[in-house]
Amino acid sequence: MRCLNPPVKLVPLGDWDCPDCLLPPPSDMPSIVQKPVAVPEEGNLVSKIHAIQADSTLTDGEKAKRRQELMSKGLVTNYSAEASSANGDKKSADGNKRNATLEMMDNSLNCIFCLQLAERPVTTPCGHNFCLKCFQRWVGQGKKTCGKCRAAIPAKMATNPRINSALVMAIRMARSVVNSNSGPSKVYTYRDNDSRPDKCFTTSRAVKTGKANACSGKIFVTIAPDHFGPITAEYDPTRGQGVLVGECWEDRMECRQWGAHLPHVAGIAGQSDYGSQSVALSGGYEDDEDHGEWFLYTGSGGRDLSGNKRTNKEQSFDQKFDKMNEALRVSCKHGYPIRVVRSHKEKRSAYAPDAGVRYDGVYRIEMCWRKKGVQGHKVCRYLLVRCDNEPAPWTSDEHGDRPRPLPVVKELKSATDVFERKSSPAWAYTEGVGWGWSREPPASRKTSGGGPSEATQKRKQLSVQQRLLKEFGCNACRKVLDQPISVPCGHNFCKSCLDSVFSSQDSRERKGVSGRTLRTQKVVKRCPNCKIDISEFLVSPQIMNQQKLKRKQPNWKSPCL
DNA sequence: GGGCCCGCAGGG
DNA sequence: CCCTGCGGGCCC
């Protein structure tokens, strides 16, 4: 429900927040149910509109007139308890070839309670749809069954409802069919990344799962790694469309390949002296608080990573505004756009996708501060508010964000180190134009992901003679090989050179400043040339005879050349 | 489902 | 070069 710009949708429950201004509607807002208009059994609104569109005897003008007539009777569909296919019930399995969207449009798109097109729709296993707010209110009253058919609502769903994004799309399409003369005005694509790079397996484990492929594999977009803002079509040579809001990937590795969020473990991408380009909401920090159009994000750090851990749920010291946390503060200071991806691993948010990782558009950090986190140690906090020209994946709006006043954040009362932007933001809204750069975006300090790498360019400059010397000499002493040893990565060394390199190496135990044990370093013996671990090979290295060496050479493609 | 492990990318 | 990280597979 919007509390601005009448006509206002009237709903029975007075606790909606306006998605534009993020505030509850005024207390004097009338609380009346808009009376639904009865719909004949034979067909619902959307299928009727389809029939009109398909009628070849009508001109475009006549079609538009018919649609208007239908619309004037009321935007109420036939909600006669037909299960939607959104939960993958039997209907879609037993050979029904219609796609999910069409099927859902034939069923009810309306909320069971407020009888309007569901806003942020949630679908129960019995197939009935609710607005998120209506659902939360219903469950909050202690109800454990569907308000329509009394089927049980699973406990998990009651505590963690998820927005049905397929239904959002159906509603959006239904609206655009109704509102325009030429069918849907916009095509929203969800795609699976079916194309995988064909190289870069590194470990046997990775070969098995194919994950290292994505990890070190090709980045499909040509943005520089420190590129700010949306990834537009000009950076997408493979598809020519850019990264669209709502695009989904299987996991963080695949998300990385499309540039939306590059780090594959860390939640924050950025540089402390430059700014942060993107963040991931993936449930790693329990202080996070997601409201869709805005959310409260927690900084990184403050955790004990001893014992070779990559993450740790427990916080054992305070976070500071340094490293990635400082990068976020820099983006706040300048008002840079920050790409946001949500992961299915964020279990407590209704706005997270059911599976995989989804790009949700750009947000701006309006302010940041520190507060005591739920685990008792101080955490850095950031208020991010959406500012994208595309509508969010959970709303059936056809337009993107408008500037909105900041939400009321209760925890600010007890916050310290509060930081707010003082100058005008670099990413700003212009009436009639939308969101965009109000000044030059920060110049990239890195090369774009598309062009040839520095290594490739360097390779071209090497003469044939230099390349031969590099390939057939000892890679340590640069002389002709004496007692040649060819390590698994293909580099050649004199036996004596290799021995002397590793004679000084030993395993190391390290201590951190606070006395805690840091991650024990793996005892790695790396090829002096390309740093590949050759410790296993070194257990019993074999000296190559010249024949073997010659046979081996053609297969060797040095990564250093 | 929870704990463990560890390759990898990228910051500093 | 070392440190850090909201992954993801595997084992139990």
Side-chain angles (χ1 to χ4, degrees), chain A residues 156 200-219 224-226 249-257 259 261-290 295-315 317 319-320 322-328 330 340-349 352 355-357 373 379-380 382 445-447 449 453 505 508 510-514 516-524 526 528 531-533:
Chain A
K156 200 176 160 192
C200 292
F201 290 130
T202 49
T203 63
S204 54
R205 208 161 116 172
V207 171
K208 213 166 149 189
T209 59
K211 283 303 167 194
N213 210 10
C215 185
S216 49
K218 189 179 175 189
I219 307 285
D226 55 359
W249 303 282
E250 191 186 325
D251 54 29
R252 291 278 297 269
M253 306 298 187
E254 213 172 80
C255 168
R256 168 186 163 74
Q257 290 191 274
H261 183 68
L262 289 168
H264 61 274
V265 175
I268 306 166
Q271 304 77 30
S272 59
D273 59 343
Y274 186 66
S276 164
Q277 293 84 27
S278 58
V279 298
L281 280 141
S282 100
Y285 286 81
E286 52 190 312
D287 290 283
D288 288 358
E289 197 183 306
D290 195 358
F295 61 90
L296 298 178
Y297 195 71
T298 310
S300 62
R303 293 170 163 183
D304 178 12
L305 298 176
S306 60
N308 207 13
K309 288 190 280 286
R310 296 297 176 268
T311 60
N312 185 345
K313 279 177 194 158
E314 268 168 44
Q315 185 144 19
F317 36 99
Q319 289 183 358
K320 287 184 292 186
D322 61 358
K323 297 174 187 171
M324 291 303 128
N325 298 346
E326 176 63 11
L328 285 172
V330 170
V340 170
V341 298
R342 281 184 173 81
S343 158
H344 71 105
K345 291 191 170 181
E346 175 53 272
K347 296 295 179 204
R348 297 164 306 127
S349 164
V357 181
V379 290
C380 297
Y382 304 86
R445 305 188 302 184
K446 308 192 176 198
T447 53
S453 68
Q505 271 199 20
R508 275 174 287 176
R510 298 172 300 159
K511 289 274 176 189
V513 271
S514 56
R516 67 196 171 88
T517 311
L518 291 176
R519 218 188 269 176
T520 313
Q521 267 185 338
K522 196 184 160 192
V523 188
V524 178
R526 300 181 184 282
K531 307 304 172 198
I532 284 175
D533 185 6

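Every chain is numbered from 1, with letters handed out A, B, ... down the list of sequences.
The distance from atom CH2 of Trp249(A) to atom P of dG8(C) is 13 Å, rounded to the nearest whole Å. The separation between Glu326(A) atom CD and dT4(C) atom P is 18 Å, rounded to whole Å. Put simply, CD1 on Ile268(A) is 7 Å from P on dC6(C), counting in whole angstrom units. Between His261(A) atom NE2 and dC6(C) atom C1' there is a gap of 8 Å when expressed in whole angstrom units. One can place CE of Met253(A) at 13 Å from C1' of dC6(C), the figure rounded to the nearest angstrom. Taking atom CD on Glu254(A) and atom P on dG7(C), their separation rounds to 15 Å, with Å as the unit. Going from atom CG of Leu305(A) over to atom P of dG5(C) covers 5 Å, rounded to whole Å. As rounded to whole Å, 14 Å separates atom C1' of dC6(C) from atom OH of Tyr382(A).
Arg252(A) has no carboxylate O lying under 4.0 Å from a charged side-chain N of Glu254(A), or vice versa, which leaves the two without a salt bridge.
In this structure, a donor-acceptor pair under 3.5 Å is absent between the side chains of Asp287(A) and Thr298(A).
Ser282(A) places no side-chain N or O within donor-acceptor distance of the main-chain N or O of Gly284(A), the cut-off being under 3.5 Å. For Arg348(A) (side chain) and Glu289(A) (main-chain N/O), no donor-acceptor pair under 3.5 Å exists by modelled atom type.
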Step-by-step salt bridge (charged side-chain N to carboxylate O under 4.0 Å, His left out) determination, Asp273(A) to Arg445(A): CA-CA 11 Å; Asp273(A) 59 343; Arg445(A) 305 188 302 184; 3.1 Å; yes
Check against side-chain contact (heavy atoms from CB on, under 4.5 Å), Val340(A) and Arg342(A): CA-CA 7 Å; Val340(A) 170; Arg342(A) 281 184 173 81; 4.3 Å; yes
Audit row: Ser300(A), Asn325(A), side-chain contact (heavy atoms from CB on, under 4.5 Å) steps and yes/no: CA-CA 7 Å; Ser300(A) 62; Asn325(A) 298 346; 3.6 Å; yes
Verdict with reasoning, Asp304(A) to Lys309(A), per salt bridge (charged side-chain N to carboxylate O under 4.0 Å, His left out): CA-CA 9 Å; Asp304(A) 178 12; Lys309(A) 288 190 280 286; 5.6 Å; no
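No engagement by Tyr274(A) is indicated, since no non-hydrogen atom pair under 4.0 Å with the nucleic acid exists.
In this model, the phosphate group of dG5(C) is not approached by any side-chain N or O of Lys309(A) to a distance below 4.0 Å at OP1 or OP2.
Under a cutoff of 6.0 Å and an axis angle of 45°, Arg303(A) and Phe317(A) do not form a cation-pi pair.
Taking the side-chain contact (heavy atoms from CB on, under 4.5 Å) definition, one finds that Leu262(A) meets it with Ile219(A), Pro225(A), Arg256(A), sequence neighbours left out. With sequence neighbours left out, the salt bridge (charged side-chain N to carboxylate O under 4.0 Å, His left out) criterion links Asp288(A) to no other residue.
In this structure, of dC6(C), dC5(B), dG5(C), it is dC6(C) that holds the atom nearest to the side chain of Arg252(A). When distances are taken from the side chain of His264(A) to each of dC6(B), dC6(C), dC8(B), the shortest belongs to dC8(B).
Considering only heavy atoms from C-beta on, Lys320(A) stays 4.5 Å or farther from Lys323(A) through its side chain. Between Tyr297(A) and Leu328(A) the shortest side-chain heavy-atom distance falls below 4.5 Å. Looking only at side-chain heavy atoms (C-beta outward), Tyr382(A) and Leu296(A) stay at 4.5 Å or farther from each other.
Near DNA chain B, meaning a heavy atom under 4.0 Å away, there are no residues from residues 278-289 of chain A.
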Which protein N or O atoms sit under 3.5 Å from an N or O of nucleotides 1-4 of chain B?
none

Between the protein and nucleotides 10-12 of chain B, are there any N/O to N/O pairs under 3.5 Å, and if so, what are the atom names and distances?
residue: dG10(B); atom: OP1; partner: Arg256(A); partner atom: NH1; Å: 3.1
residue: dG11(B); atom: OP1; partner: Gln271(A); partner atom: NE2; Å: 3.1
residue: dG11(B); atom: OP1; partner: Lys446(A); partner atom: NZ; Å: 3.1
residue: dG11(B); atom: OP2; partner: Lys446(A); partner atom: NZ; Å: 2.7
residue: dG12(B); atom: OP1; partner: Ser272(A); partner atom: N; Å: 3.0
residue: dG12(B); atom: OP1; partner: Ser272(A); partner atom: OG; Å: 2.7
residue: dG12(B); atom: OP2; partner: Ser272(A); partner atom: N; Å: 3.4

Pair assignment for DNA chain C - dot-bracket with | for other-strand partners, Watson-Crick or G-U under 3.5 Å: |||||.||||||
